[in-house]
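Quick note on labels: first sequence line is chain A, next is B, and so on, each numbered from 1.
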Amino acid sequence: MFGKKAAYVTAGYGQTARDHRDWQEYLTEFVREDPRNHLPEGDCFPIFGPPVVGIASADDPLFAELSRPEVVASHHVRPDFWMPEARSVISFFAPFSREIKAAYKKGERLPPLEWVSGRLNGEVFINVLRRAILRLVEKQGGQAVIPNLDLRYWAENWLPIWSERHVGFIAGVGTFGLHAGLLTEKGAAGRMGSVVTNLSLPVRPRDYEGVYDYCLWKSEGRCRACAKRCPVEAIDHERKDHTICAANGAKHIHPAYLAWGYHACGHCQNNLPCSNGIPKKRKRVSSQRPDFRLD
Amino acid sequence: MTLKHASRHSPISAAPPAVSENPSARSSAFAEENKKCLLDRSSVTAALADYLLQVNYRGYAPNPSLVLAIRRGDRTAWLRRAELPVRWETYYFIEGELFPIPGTTRLPEGKSPAEHAEDIVARIWPQLWVWNGYDFTPSSSALNRNAYKNTYMEPARRET
């Protein structure tokens, strides 16, 4: 499978990464070359495709908004919590590979093995990507902290002190969907990570205004495909109830994949208009919805 | 400026558990960590000593394809080549990922591989311990539960 001997990508990476396109290229190299981006079972499909990368200024005032209880939680922290001299936050979204998404059949109540394995083993590879950013930052003379690989990280009731999705929104990676996932140019089926650094990097402009700009239901009042797909009705007209979602994982998916050790559902990320990209025929209506605007 | 997120799902729970106020208790937790079934330091050191032995034989020739693999079951480490992953194992590239500074694995004059392995493991141990902890608890709510609870360095939660 690997004609040449595998080696750590960063060690041989001769380029300097500045803006989000550079970092995207760098992480794409990892996704392509690092053997850990493969399922450990069966045909060892690739787990992720090329990521989407965004960069936010550590001083972006939206970070302060995340500690409002109606946004994330009062215990959500700002970038300078992780690193007092923080200047930038690099955020990325890694979409699941075509092979994994193709394995997710529309009529099945349970997710396929490829998905549940990709969800768990993919999260390990997300850690690889987080560390890859750290190492390239260091190579460029900077310092970095990975919030989700830090002992200070914690979460309660799905409310973390550092929300990868919200950070991604601020960094220009994408907007939220009714399914509560982040919706990006590479779709909504994927995993996210971020790194805080003292390097001053060019900010990626947000190509949106509202929190739900890319979601057809929230922006145009049509679709709700994710709600219809959910086998346990965890998504209503307004939001996703994570308690119902988690209970489904524990009661149905975990027993089905007990021997494998996996348990994740992905119905609300697959076989949807937003699974592989931003839904088409979208009208820009965010300015008509002041409730969801970034003023 | 507002950022109102309508999909917030549950009320904020009470403040997180209190952290030990005794600094000595926190540092001693580091020493206690190896007694638990977490990352096995002796096997990490032994694997890296073996690596040092190999790459310092007849001159210094670091091997970029060798990795430090760690088994989930008992958190023991050994050397293998970077290949497709196998179930219940994670691995780290020795050159570049664990040791980003070239030459770190060069054996200093008069030092044995075992001695140098002890030294370089000491440099990366806190970071590797955390990385591996998260790798084996993916999608976790942090290293503050189950086997990891109250081990190692407690996070400075009260600062939040």
Fill in the blank from the handout: Note: vs chain B, highest number of non-hydrogen pairs under 4.5 angstrom among A/H179, A/E41, A/R135 is A/R135
Handout entry: Crowding at CD1, B/I101 (>12 non-hydrogen neighbours, <6.0 Å)
Key = no
Practice task
In sequence, state the C-alpha distance, the side-chain angles, and the governing distance for A/D34 and B/F93, and then conclude on side-chain contact (heavy atoms from CB on, under 4.5 Å).
Solution key: CA-CA 10 Å; A/D34 196 302; B/F93 283 93; 3.7 Å; yes
Exercise for the section: Report yes or no: does B/R81 contribute a side-chain atom to a donor-acceptor pair with the main-chain N or O of A/A6 at less than 3.5 Å? Expected result: no
Problem - Residue among A/D150, A/L151, A/I146 satisfying side chain to side chain contact (heavy atoms under 4.5 Å, CB included) with B/V130 - result: A/L151
Problem - Atom of A/W260, atom of B/R87 and distance for their closest heavy-atom approach - result: O-NH2, 3.0 Å
Handout entry: Any B/Y134 side-chain heavy atom under 4.5 Å of A/N127 side chain
Key = yes
Problem - Residues, nucleotides or ligands: over 12 heavy atoms within 6.0 Å of A/Q140 CD - result: yes
Exercise for the section: Before accepting this row, confirm whether a basic side-chain N of the pair A/R131/B/D135 lies closer than 4.0 Å to the acidic partner's carboxylate O. Expected result: yes
Handout entry: Heavy-atom proximity to chain B below 4.5 Å, by part of A/L134
Key = side chain
Handout entry: 4.5 Å side-chain heavy-atom contact, A/C44 and B/L84
Key = yes
Exercise for the section: Not counting sequence neighbours, which residues clear ring-ring contact (aromatic ring centres under 6.0 Å, His included) with A/F30? List them please. Expected result: A/Y8, A/Y26
Exercise for the section: Decide yes or no for B/P85 and A/H38: does some side-chain heavy atom of the first lie under 4.5 Å from some side-chain heavy atom of the second? Expected result: yes
Handout entry: Within 6.0 angstrom of B/Y60 OH, more than 12 heavy atoms from elsewhere
Key = yes
Fill in the blank from the handout: Cut-off 4.5 Å, heavy atoms of chain A, and the answer for B/E97 is both
Handout entry: Any A/E138 side-chain heavy atom under 4.5 Å of B/P100 side chain
Key = yes
Exercise for the section: Please flag which part of A/N148 lies under 4.5 Å from any non-hydrogen atom of chain B: side chain, backbone, both or neither. Expected result: backbone
Problem - A/Y262 and B/W88 aromatic ring geometry - parallel, tilted or perpendicular at 30°/60° bounds - result: tilted
